[in-house]
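Atoms considered below: every heavy atom in the structure, side chains included; atoms not considered: hydrogens, waters and symmetry mates. Position 1 is the first residue of the sequence, and the numbers go up from there.
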Amino acid sequence: MAAESLAVFATLIILQGGIQQIRKIWQAKCTGALSLPMTLVFFAKDVSNVFFGIVLGLELGWPLILMGAVSGILKLGVTITFLLYPEKLETEARVGYH
């Protein structure tokens with residue numbers, strides 16, 4: 001029970017952080033110092049976690065499936081922002097904020 005609670009809590013933290021990151025990018029209309037290749041590497045990690053959870057079976061693997069799916073969807077959201085705002089402003093890329 002404690003492990004399941006921890007997995008759900010960690011997923012909620014990932015969700016909150018990802019939403020805030022995407023929100024910040026939308027407000028700034030700039031990806032800042034974020035790296036598209038690194039975002040795609042993390043997306044690949046999330047997809048592999050989902051597949052590993054599926055291989056384990058739903059009973060044991062649901063925490064991996066949940067965390068990987070939430071994180072992967074957020075990484076897709078970040079990737080979309082790279083398509084919408086392809087240019088990094090020099091000042092914001094160094095500082096990260098307005």
| query | Got a sec, which residues hit side chain to side chain donor-acceptor pair (under 3.5 Å) with E59, two or more places apart in sequence or on another chain? | reply | none
| field | Pairing residues for D46 by the side chain to side chain donor-acceptor pair (under 3.5 Å) criterion, not counting sequence neighbours | value | S71
| request: Would you indicate whether the side-chain heavy atoms of V8 and E4 approach each other to under 4.5 Å? | output: no
| field | Pairwise side-chain contact, F82 with I25, heavy-atom cut-off 4.5 Å (strictly under) | value |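 Result no, sub-4.5 Å side-chain heavy-atom pair not found.
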| query | Would a distance-only check, ignoring hydrogens and angles, find a side-chain to backbone donor-acceptor pair under 3.5 Å from Q27 to K24? | reply |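 Side chain of Q27 to backbone of K24: no pair is present.
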What residues, two or more places apart in sequence or in another chain, satisfy side chain to side chain contact (heavy atoms under 4.5 Å, CB included) together with [X]?
X   : result
S48 : none
L83 : none
L15 : I19, V70, L74

Is there a path of hydrophobic side-chain contacts, each under 4.5 Å between heavy atoms of I/L/V/M/F/W/Y residues, joining [Y] to [X]?
X   : Y   : answer
L58 : M67 : yes
L12 : I65 : yes
F43 : F52 : no
F42 : V50 : no
L66 : I14 : yes

| query | For V78, which of I22, L40, T31, L36 qualifies under side chain to side chain contact (heavy atoms under 4.5 Å, CB included)? | reply |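 Between V78 and the candidates, side chain to side chain contact (heavy atoms under 4.5 Å, CB included) is satisfied uniquely by I22.
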| What pair of heavy atoms forms the shortest contact from K75 to T39, and how long is it? | O-CG2, 3.8 Å
| request: Quick one: closest heavy-atom pair of Q20 and R23, and the distance? | output: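 Heavy-atom minimum between the residues: OE1-NH1, 2.7 Å.
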| Hey, what else clusters with I13 if you join Ile, Leu, Val, Met, Phe, Trp, Tyr whenever side-chain heavy atoms sit under 4.5 Å? | F9
| request: Apply side chain to side chain contact (heavy atoms under 4.5 Å, CB included) to L56 and W62, showing your working. | output: CA-CA 9 Å; L56 287 175; W62 71 264; over 6 Å; no
| Should Q21 and L34 be marked as a side chain to side chain contact (heavy atoms under 4.5 Å, CB included) after you check the CA-CA gap, both sets of side-chain angles, and the distance that decides it? | CA-CA 10 Å; Q21 183 180 40; L34 291 178; 3.4 Å; yes
